[in-house]
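Read the structure below first, then the notes.
Order of the sequence lines sets the chain letters (A, B, ...), proteins ahead of strands, with each chain counted from 1.
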Amino acid sequence: EAGVVQSPRYKIIEKKQPVAFWCNPISGHNTLYWYLQNLGQGPELLIRYENEEAVDDSQLPKDRFSAERLKGVDSTLKIQPAELGDSAVYLCASSLHGTDTQYFGPGTRLTVL
Amino acid sequence: GENVEQHPSTLSVQEGDSAVIKCTYSDSASNYFPWYKQELGKRPQLIIDIRSNVGEKKDQRIAVTLNKTAKHFSLHITETQPEDSAVYFCAAKNNDMRFGAGTRLTVKP
């Protein structure tokens with residue numbers, strides 16, 4: 001079984017530029033999460049989807065961050081415009097609806113110059 | 001909301017020794033406590049988890065204990081090997097998962 005897939009794995013951009021990250025969850029997993037992981041820290045939840053509905057986006061900085069999961073499968077996280085402080089690893093995870101175990105993707109390491 | 005504290009932040013042991021990592025949580029309604037291992041540049045991988053109705057769980061060299069009253073849980077690794085070297089994260093889940101800051105474990109051969 002394929003795991004959670006994310007792309008790109010690495011992204012370097014200049015500040016004020018837009019950037020987008022893509023996630024494909026494990027097949028059949030209704031719940032999808034986007035996490036932010038700063039260097040030397042644990043993952044922090046940005047947004048959680050149940051199918052195509054964002055059920056918890058309270059930690060998503062909505063002035064510059066947006067996310068979508070239009071068909072309830074793949075998801076895209078966007079930052080526009082990016083700031084220096086956005087440099088981090090962006091992790092996607094998925095789980096079966098109603099279960100607790102989350103499976104993580106390899107992450108996208110973003111560097112904003 | 002939930003707050004998870006983890007310590008130590010770094011831990012160095014000799015191969016064959018045991019390693020213990022401890023976490024505390026604040027939300028008494030949290031009912032699921034996973035541990036993840038993250039090697040450099042790789043995804044966090046679940047290594048063991050425990051639910052609030054269980055006090056201890058063991059899987060080969062890895063065990064987790066939970067004290068609901070004190071709101072703390074611990075990861076125990078016995079007979080450590082160099083390949084156990086990684087960053088370990090605890091987490092606590094009520095509605096959403098909250099992670100500790102991580103422990104960098106180094107096992108010296």
Side-chain angles (χ1 to χ4, degrees), chain A residues 1-11 21 23-26 29 31-50 53-60 87-111, chain B residues 1-11 21-25 27 29-54 57 59 64 66 73 75 86-106:
Chain A
E1 178 182 278
V4 177
V5 179
Q6 289 187 249
S7 69
R9 291 294 316 278
Y10 306 91
K11 188 74 176 179
F21 315 124
C23 173
N24 179 244
I26 292 173
H29 282 198
T31 309
L32 183 146
Y33 313 80
W34 282 104
Y35 286 91
L36 166 70
Q37 186 175 27
N38 285 305
L39 188 64
Q41 297 295 316
E44 300 171 30
L45 182 69
L46 290 172
I47 189 168
R48 172 168 62 97
Y49 280 94
E50 295 289 348
E53 182 181 358
V55 296
D56 183 357
D57 63 355
S58 57
Q59 302 304 310
L60 191 72
S87 295
V89 175
Y90 291 82
L91 291 164
C92 179
S94 70
S95 65
L96 277 170
H97 177 69
T99 66
D100 295 313
T101 304
Q102 297 183 20
Y103 299 87
F104 283 86
T108 296
R109 180 176 297 278
L110 174 67
T111 301
Chain B
E2 176 66 276
N3 182 46
V4 178
E5 295 188 358
Q6 181 173 348
H7 59 94
S9 57
T10 61
L11 179 60
I21 303 170
K22 299 181 179 182
C23 288
T24 60
Y25 61 99
D27 185 354
S30 289
N31 53 23
Y32 175 68
F33 307 90
W35 286 88
Y36 285 85
K37 174 183 180 182
Q38 188 174 31
E39 297 178 61
L40 189 63
K42 297 191 176 181
R43 71 186 74 199
Q45 291 201 308
L46 179 72
I47 55 171
I48 196 167
D49 55 12
I50 193 168
R51 300 189 182 280
S52 57
N53 58 346
V54 176
K57 183 177 179 181
D59 182 4
V64 57
L66 171 66
F73 55 113
L75 177 71
V87 178
Y88 291 81
F89 293 98
C90 64
K93 182 178 183 292
N94 179 7
N95 294 315
D96 285 312
M97 200 94 81
R98 293 289 183 262
F99 287 80
T103 296
R104 180 173 298 280
L105 173 65
T106 302

(message) For the OG1 atom of A/T101 and the OH atom of B/Y32, what is their distance to the nearest 0.5 Å?
(response) 3.0 Å
(request) Of all the heavy-atom pairs spanning B/R43 and A/P106, show the shortest one and how long it is. (result) NH2-CD, 3.6 Å
(message) Tell me the closest heavy-atom pair linking B/F99 and A/P43, and the distance in Å.
(response) CD1-O, 3.4 Å
(request) Mind checking the CD-CD spacing from A/Q37 to B/Q38? Nearest 0.5 Å is all I need. (result) 4.5 Å
(message) Under 4.5 Å from any heavy atom of chain A, what part of B/R51 do you find: side chain, backbone, both or neither?
(response) side chain
(request) Determine whether B/N95 and A/D56 make a side-chain contact, defined as any pair of heavy atoms from C-beta on separated by less than 4.5 Å. (result) no
(request) Could you tell me which non-hydrogen atom of B/D96 sits nearest to which non-hydrogen atom of A/R48, and how far apart they are? (result) OD1-NE, 2.9 Å
(message) Can you confirm whether more than 12 heavy atoms, excluding those of A/Y49, are under 6.0 Å from its OH atom?
(response) yes
(message) Is the shortest side-chain heavy-atom distance between A/F104 and B/L46 below 4.5 Å?
(response) no
(message) Heavy-atom cut-off 4.5 Å, strictly under: side chain, backbone, both or neither for A/Q102 against chain B?
(response) both
(message) Heavy-atom pairs under 4.5 Å with chain A - which of B/M97, B/Q6, B/Q45 has more of them than the others?
(response) B/M97
(message) Please classify the contact between B/P44 and chain A as side chain, backbone, both or neither, with a heavy-atom cut-off of under 4.5 Å.
(response) both
(message) Given heavy-atom pairs under 4.5 angstrom as the criterion, report whether the side chain, backbone, both or neither of A/D100 touches chain B.
(response) both
